[in-house]
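Structure, as structure tokens:
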Amino acid sequence: MARSKGNKSKPTPLPPPPPMDSADDDLMNDLLTQLDSRDQNVQIESAQVLNDMNLNQKADNIEASSSRKDPKSRFKARQARKAAALAQSYSPDDPEVQARLAKEAQDEMDAIKRVCKELSLDIQEINPDGHCFFSAVADQLALLGILPLDQANYANLRIAAANFMQSYPDDFLPFLPSLVGEDGAGALDAGLMSLKEFEDYCTAVRETAIWGGEPEIVAVVRAFNVPIHVVQGGQPPVVIHNPPDYSRESNVYDDSVVRISYHRKLYGLGEHYNSLRKVHKLS
């Protein structure tokens, strides 16, 4: 007796590998932090573990199993791909990449040190732990007497920046792209954060080790009404951020300003800030 088509057996497809769970996320973030280490052996070992995690494959799985309207999943996939690319750049079997990265880092540091020499500044190294921008500014605010020493820390700076941003959302939303914009599949423009996304962003600034960037610089400048001068390896060599209500335009030789250095290449993860202190010459 012939079997009907409806009873015809079919091979059961194998399920795809599971997408990253929270444990994978935590491990990836920990390893990325270790790539900031100044110990090359730690960097290489962390990169090797990241490479072994098959992050590109996991990003594919996340995208395949999630809805196009799920920005959180797309964000996780994008972060996984970035981590995979970064880990690859640390590969000890790629001497050309390592030599190029080392030269870029040295060229940038040389350029920053030239500006520091002209302005009589010393680089005060800040721990590369994700809080470096806030720690560098806290160090400067203590030196200027704007914050007491016992309050000059990254935690208080994060709170101040997040609270200011949250109080003036219209001033910051235009500069914060939505996850459903440029990071979305096939998106052609950045889009803007929703108010909910903005609230989540401010919470992340306040409570996590999310890096500080241009929005946070503006927030700190305005919250403390103090100029921030950022010395960098590119052009212009000094980027000046003045508060809108400041009595006058500050210049690179002013003493009553926050001075920090911005390094794109110094550590493995690229962006890093140090504090710049005035050199006190002996009379």
- Pair Val239-His229, side-chain contact (heavy atoms from CB on, under 4.5 Å): steps then yes or no: CA-CA 6 Å; Val239 180; His229 293 191; over 6 Å; no
- Basic-acidic side-chain contact under 4.0 Å: Lys278, Asp122: no
- Message: Just verifying a value: how many Å separate Ser250 OG and Asp255 CG, rounded to the nearest 0.5 Å?
- Response: 11.5 Å
- Are the side chain of Asn127 and the backbone N or O of Asp129 linked by a donor-acceptor pair below 3.5 Å? no
- Heavy-atom check, side chain of Ile228 versus side chain of Val220, under 4.5 Å: yes
- Query: Are any non-hydrogen side-chain atoms of Glu216 and Arg158 less than 4.5 angstrom apart?
  - Reply: no
- Within a strict 4.5 Å, meaning less than it, do heavy atoms of the Leu119 and Val252 side chains meet? yes
- Item | Asp107 bridged to Lys103 by N-O distance under 4.0 Å | yes
- To the nearest 0.5 Å, what is the distance between CD (Gln232) and OG (Ser261)? 10.5 Å
- Query: Which atoms form the tightest heavy-atom contact between Pro244 and Arg222, and what is the distance?
  - Reply: CD-CG, 3.8 Å
- Message: Do Ile126 and Tyr273 have side chains that approach each other closer than 4.5 Å (heavy atoms only, starting at C-beta)?
- Response: no
- Task: Could you check if a side-chain atom of Tyr201 sits within less than 4.5 angstrom of a side-chain atom of Ile210, using non-hydrogen atoms only?
- Result: yes
- Task: State yes or no: are the ring centers of Phe172 and Tyr168 separated by less than 6.0 Å?
- Result: no
- Item | Salt bridge flag under 4.0 Å for residues Lys265 and Glu108 | no
- Query: Between Pro174 and Asp171, which heavy-atom pair has the shortest distance, and what is it?
  - Reply: CD-C, 4.1 Å
- Can we say Asp139 and Arg277 salt-bridge, meaning some charged N sits less than 4.0 Å from an Asp/Glu carboxylate O? yes
- Query: So if you build clusters from Ile, Leu, Val, Met, Phe, Trp, Tyr with side-chain heavy-atom gaps below 4.5 Å, do Leu195 and Phe175 land together?
  - Reply: no
- Query: Using a distance-only test with no angle check, is there a side-chain donor-acceptor pair under 3.5 angstrom linking Glu118 and Tyr253?
  - Reply: yes
- Query: Looking at CZ of Phe224 and CD1 of Ile146, how far apart are the two atoms once the value is rounded to the nearest 0.5 Å?
  - Reply: 8.0 Å
- Please report the closest heavy-atom contact between His131 and Thr208, naming both atoms and the distance. CE1-O, 3.7 Å
- Task: For Pro227 and Ser256, work out which heavy atoms get closest and say how close.
- Result: CD-O, 4.1 Å
- Message: Could you tell me if the side chain of Pro237 sits less than 4.5 Å from the side chain of Val231, heavy atoms only?
- Response: no
- Query: Hey, any chance Leu121 and Leu143 share a hydrophobic cluster, counting ILVMFWY side chains that come within less than 4.5 Å of each other, even indirectly?
  - Reply: no
- Message: For Asn274, run the side chain to side chain donor-acceptor pair (under 3.5 Å) check against Glu125, Gln124, His263 and tell me which one passes.
- Response: His263
- Item | Minimum-distance pair of heavy atoms, taken over all atoms of Ala138 and Leu157 | CB-CD2, 3.7 Å
- Report the distance from atom CD of Gln166 to atom OG1 of Thr203, rounding to the nearest 0.5 Å. 6.0 Å
- Note on the structure: Here the gap from Ile159 atom CD1 to Phe134 atom CZ, rounded to the nearest 0.5 Å, amounts to 11.0 Å
- Item | Non-hydrogen atoms of Ala219 and Ala161 that approach each other most closely | CB-O, 3.8 Å
- Query: In the single-linkage hydrophobic clustering (I, L, V, M, F, W, Y; side-chain heavy atoms under 4.5 Å), do Leu276 and Val115 co-cluster?
  - Reply: yes
- Do side-chain atoms of Asp254 reach the backbone of Val257 as a donor and acceptor pair under 3.5 angstrom? no
- Query: Taking the side chain as C-beta and beyond, is there a heavy-atom pair between Ile123 and Ile112 under 4.5 Å?
  - Reply: yes
- Beyond-backbone contact of Phe133 with Trp211, side-chain heavy atoms, under 4.5 angstrom: no
- Task: Evaluate the side-chain contact (heavy atoms from CB on, under 4.5 Å) criterion for residues Val226 and Val221: first the C-alpha distance (whole Å), next the side-chain angles of each, then the deciding distance (0.1 Å), finally the verdict.
- Result: CA-CA 5 Å; Val226 62; Val221 164; 5.9 Å; no
